[in-house]
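Just so you know, ligand 1 is whichever comes first in the structure, and atom 1 is the first atom listed for that ligand.
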Amino acid sequence: MSTHPATASIEAQRGLKIPRHIGVIMDGNGRWAKQRGLGRSEGHKAGVEAVRRIVALAIEYGVDCLTLFSFSAENWRRPPDEVRFIFGLLRRFVTSDLERLHDQNVRIRIIGGREGLERGLRGIIHDVESRTAANTGLDLVIAFNYGAKTEIVNATRAIARKVASGELDPDSIDEATIARHLDTSGLPDPDLILRTSGEMRLSNFLLWQSAYAELVFVEENWPDFDEAVFVRALKSYTARDRRFGGVRT
Ligand code: FPP
């Protein structure tokens, strides 16, 4: 478990509950750019700056785990130039920010399908994950080429193979078995899912893991994400009554 010395004071100052795990659907880069008469690429570039801001805030506020939805399995339907551009941004982000994140004790995990990614990018992902694997601070999870239904299909196949080989008794399969076979194995379930740009959907993001997550939707487009938006989302989360199916005691 990570230790975050700054957490207690910030919580006390602001009376905020800090979620252990925040999942973010970073939406609205294109609209942000359009409103400014810019190309969509400019929106994605500004989106990377917002990624840097939320990572810094997560560390400052003592969040244990931050999962960012960077590219969905459905995003391949976008024009090839835009797909290439987003891939380039991810590649540049994980290489240019790696040393700083490593110095900040951040452990990076990239979830989602590796097939369809070019070999160079797969190599970079492998290096970034192994370089930071022993870090004990923020778990930064980047969901790239990720889709929750495919993740569940892959987990089901892995479990079925173990049953077929006799390694696993079907009657022993429980929720923990499924969770262990998901890409997020070992991480806590998200307490808060935040989506920007006013859209109110999960869009195939962490479907299994979000069973009891609080959902917070904000109007700002992703490139406009800042500390004020972050604190507003935390206030909304703090005000929620989380019962996990039980009753208030
Ligand atoms: C949603 O906006 C954004 C994306 C699909 C891409 C998000 C990518 C980044 C922020 C950059 C790369 C990521 C990292 C971690 C460095 P949209 O294009 O769907 O916006 P729109 O709905 O307004 O068109």
Side-chain angles (χ1 to χ4, degrees), residues 22-59 63 65-102 104 106-114 116-118 120-122 124-125 127-129 131-132 138-148 183-184 190 193-206 217-226 229-230:
I22 303 179
V24 187
I25 304 175
M26 310 185 289
D27 199 6
N29 292 350
R31 276 162 285 168
W32 181 92
K34 194 170 177 198
Q35 284 160 8
R36 286 159 181 77
L38 301 169
R40 296 179 58 81
S41 301
E42 294 303 315
H44 296 315
K45 264 204 261 177
V48 176
E49 290 308 315
V51 166
R52 295 195 172 105
R53 287 195 289 278
I54 198 167
V55 171
L57 287 164
I59 294 170
V63 173
C65 182
L66 176 69
T67 300
L68 302 176
F69 202 7
S70 304
F71 189 83
S72 76
E74 290 74 31
N75 286 155
W76 289 101
R77 296 184 196 131
R78 293 177 180 223
D81 279 354
E82 182 173 344
V83 171
R84 251 193 308 276
F85 191 80
I86 295 175
F87 277 44
L89 285 180
L90 176 83
R91 180 193 285 258
R92 252 174 287 145
F93 174 77
V94 289
T95 47
S96 68
D97 288 45
L98 175 61
E99 284 315 312
R100 190 175 41 80
L101 294 170
H102 184 49
Q104 291 174 300
V106 173
R107 182 167 64 165
I108 301 174
R109 187 189 296 194
I110 293 162
I111 63 170
R114 300 285 157 96
L117 305 186
E118 56 153 284
L121 183 55
R122 288 205 304 264
I124 290 170
I125 289 173
D127 291 348
V128 165
E129 288 185 334
R131 181 90 207 284
T132 62
L138 175 73
D139 273 308
L140 174 60
V141 183
I142 299 176
F144 197 79
N145 195 25
Y146 172 86
D183 292 357
T184 50
I193 298 286
L194 170 66
R195 182 169 189 151
T196 56
S197 88
E199 306 286 348
M200 297 193 203
R201 285 188 295 281
L202 284 176
S203 298
N204 206 12
F205 181 54
L206 300 180
F217 302 101
V218 298
E219 289 300 320
E220 285 81 358
N221 288 319
W222 176 246
D224 286 328
F225 177 89
D226 61 10
V229 179
F230 186 69

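Ligand 1 does not have R92 within reach: every non-hydrogen atom of the residue lies 4.0 Å or more from it. Between R40 and ligand 1 there is a heavy-atom distance shorter than 4.0 Å. Using a 4.0 angstrom heavy-atom cutoff, D27 counts as in contact with ligand 1.
Listed by number with element, the atoms of ligand 1 under 4.0 angstrom from any heavy atom of S70 are 6 (C), 7 (C), 8 (C), 13 (C), 15 (C). Those atoms of ligand 1 that come under 4.0 Å of a heavy atom in G30, given as number and element, are 17 (P), 18 (O), 20 (O), 21 (P), 23 (O), 24 (O). Each of the atoms 16 (C) of ligand 1 lies under 4.0 Å from some heavy atom of F93. The R78 neighbourhood of ligand 1 comprises atoms 5 (C), 17 (P), 18 (O), 19 (O), with distances under 4.0 Å to a heavy atom of that residue.
For atom 22 (O) of ligand 1, the closest heavy atom belonging to the protein is R31 NH2, 2.9 Å. Ranking protein heavy atoms by distance to atom 1 (C) of ligand 1, first place goes to M26 O, 3.0 Å. Regarding atom 2 (O) of ligand 1, its nearest protein heavy-atom neighbour is N29 N, 3.2 Å. Nearest non-hydrogen protein atom to atom 11 (C) of ligand 1 is V48 CG2, 3.7 Å.
Between L68 and ligand 1, not a single N/O pair is under 3.5 Å apart.
Taking the six-membered ring where the residue is Trp, H44 and F85 present tilted rings, their angle falling between 30° and 60°.
Contacts with ligand 1 closer than 4.0 Å are made by side-chain heavy atoms of N75 only, the backbone lying farther away. Using a 4.0 Å cut-off between heavy atoms, E49 makes no contact with ligand 1 at all.
The two residues I142 and S70 come nearest to each other via the heavy atoms CG2-OG, 3.2 Å. Residues P223 and G28 share a closest heavy-atom pair of CD-O, 4.1 Å. Among all heavy-atom pairs drawn from G43 and A33, the shortest one is N-CB, 3.8 Å. Residues N145 and A73 approach most closely at OD1-CA, 3.9 Å, considering heavy atoms.
Between R78 and R40, some side-chain heavy-atom pair lies under the 4.5 Å cut-off. Looking at heavy atoms from C-beta onward, F93 lies in side-chain contact with L101 at the 4.5 angstrom threshold. Two residues are said to be in side-chain contact when any heavy atoms from C-beta on lie closer than 4.5 Å; L98 and D127 fail this criterion.
With R31 as the fixed residue, the salt bridge (Lys or Arg N to Asp or Glu O under 4.0 Å) test singles out one of E219, E199, E220: E199.
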